[in-house]
Number of protein chains: 2
Amino acid sequence: MRGDVFAMKCPSRTVMKHMTSTWGVLTLIALKSGTLRFSELRRKVNGVSERMLTQTLQQLEGDRLLTRRSYPVVPPHVEYTLTDLGHEAAAHVECLANWVEDHMPQLAAMPEQA
Amino acid sequence: MRGDVFAMKCPSRTVMKHMTSTWGVLTLIALKSGTLRFSELRRKVNGVSERMLTQTLQQLEGDRLLTRRSYPVVPPHVEYTLTDLGHEAAAHVECLANWVEDHMPQLAAMPEQA
DNA sequence: GGAAGTACCAACATAAAAGTAAGTATGGAA
DNA sequence: TTCCATACTTACTTTTATGTTGGTACTTCC
């Protein structure tokens, strides 16, 4: 029942991909400090397009890392909240991001390659 | 001097991308247990093409996460070893991967989306 | 003599990811 | 009355990622 990221077809790879994607990382970290609605996330996650944010949120919801709550009011109102699993996931991702941020001076002297 | 993954142009994003790329993750984890040569890595990292492995190794080398040592012998012999930084990076990445592997049953019930 | 192994590179082709623009419904503000 | 905000979707284009093939230089094995 355990996943194996070394196995090409293991679904754990898909979850990893979602969590470590550019916008997945930022979305998880952004939601760590609490529930946010779509437009708030969009402002917080610098540079995401609506399309990408929607897609990222749907992926993370499909992985049960967050829940979507939509209120049927006239200007749409939708809230996104991390699940318990999501909080754990976000903690790991943030830990990684913090490490990279902290070690930037030592990493990459000449950032000219993609 | 500290990086910021929320900043679109921050080089930390590039490093994150290298570390969390499909093959970056597997390469780092594979090298955690010690030096490996190219062909050994290729066999260990299930499914990677030569091209992708080469590229991944060059990126990680550029980020100072591993070192390349090449011996000028007749059948080429090249060894890859994690740096101290690389070991730290690999630990974080493996931690994340382990978490995902351990929680697979709870994540993703129907893995039909990309 | 011919095949295989080694660690690549370059060119080409395809697949996947990401961005752009426009459309939708509705209420409230200007 | 026109415009904006909201939370999306859809179609389309561009960019990036990845895979495939073939070549290299030399040696050992069959």
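If you're wondering where the values come from, they're calculated on a predicted model, not measured in any experiment. Every chain is numbered from 1 and lettered A, B, ... according to where its sequence line falls, protein lines coming before strand lines.
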Q) Any chance CZ of Arg2(B) has more than 12 other-residue heavy atoms, nucleotides or ligands included, within less than 6.0 Å? A) yes
Q) Can you find a heavy atom in the side chain of Met16(A) that is under 4.5 Å from one in the side chain of Leu96(B)? A) yes
Q. Near DNA chain D, under 4.0 Å by heavy atom, which residues of residues 20-48 of chain A?
A. Arg37(A), Phe38(A), Ser39(A), Arg43(A)
Q) Does Arg68(A) or Ser49(B) map to a spot on DNA chain D nearer the 5' end, using the closest nucleotide for each? A) Arg68(A)
(Q) So, does Lys17(B) get its side chain near the phosphate of dT16(D), meaning an N or O under 4.0 Å from OP1 or OP2? (A) no
Q. Judged by atom type as modelled, is there a donor-acceptor pair below 3.5 Å linking the side chain of Thr83(B) to the main-chain atoms of Arg64(B)?
A. yes
Q) Quick one: Glu61(A) CD to dA7(D) P, roughly how many Å, whole number? A) 15 Å
Q) With no hydrogens and no angle check, is any side-chain donor or acceptor of Arg42(B) less than 3.5 Å from a backbone partner on Val48(B)? A) yes
Atom pairs, protein N/O to nucleotides 28-30 of chain D N/O, distance under 3.5 Å:
none

**Q.** Smallest separation among heavy atoms of Leu31(A) and Leu66(A), with atom names
**A.** CD1-CD2, 3.8 Å
Q: Of all the heavy-atom pairs spanning Phe6(B) and Lys44(A), show the shortest one and how long it is.
A: CD2-O, 3.8 Å
(Q) Which nucleotide wins on minimum distance to the side chain of Thr54(A), given the candidates dT9(D), dG19(C), dT18(D)? (A) dT9(D)
**Q.** Donor-acceptor contact below 3.5 Å, side chain Glu88(B) vs main chain Leu85(B)
**A.** no
Q: Take atom CZ of Arg51(A) and atom P of dA11(D), then tell me their distance rounded to the nearest Å.
A: 12 Å
Q) For Leu107(A) and Asp63(B), which heavy atoms make the closest approach, and how far apart are they? A) CD2-O, 3.3 Å
**Q.** Under-4.0 Å side-chain N/O to phosphate OP1/OP2 contact, Gln55(A) with dC8(D)
**A.** no
Q.
Within the 4.0 Å heavy-atom criterion, would you say Tyr71(A) contacts the bases, only the backbone, or no part of the nucleic acid?
A. nothing
(Q) Using modelled atom types and a 3.5 Å cut-off, is there a donor and acceptor pairing between side-chain atoms of Gln58(A) and backbone atoms of Gln55(A)? (A) no
Q: Determine whether the side chains of His77(A) and Glu79(A) contain a donor N or O and an acceptor N or O closer than 3.5 Å.
A: yes
Q | Rounded distance in Å - CE (Met52(A)) to C1' (dG19(C)) | A | 7 Å
Q. Which heavy atom of Lys32(A) sits nearest a heavy atom of Ala90(A), and at what distance?
A. CG-CB, 3.4 Å
Give each protein N/O atom lying under 3.5 Å from an N/O atom of nucleotides 23-30 of chain C, with the pair distance.
none

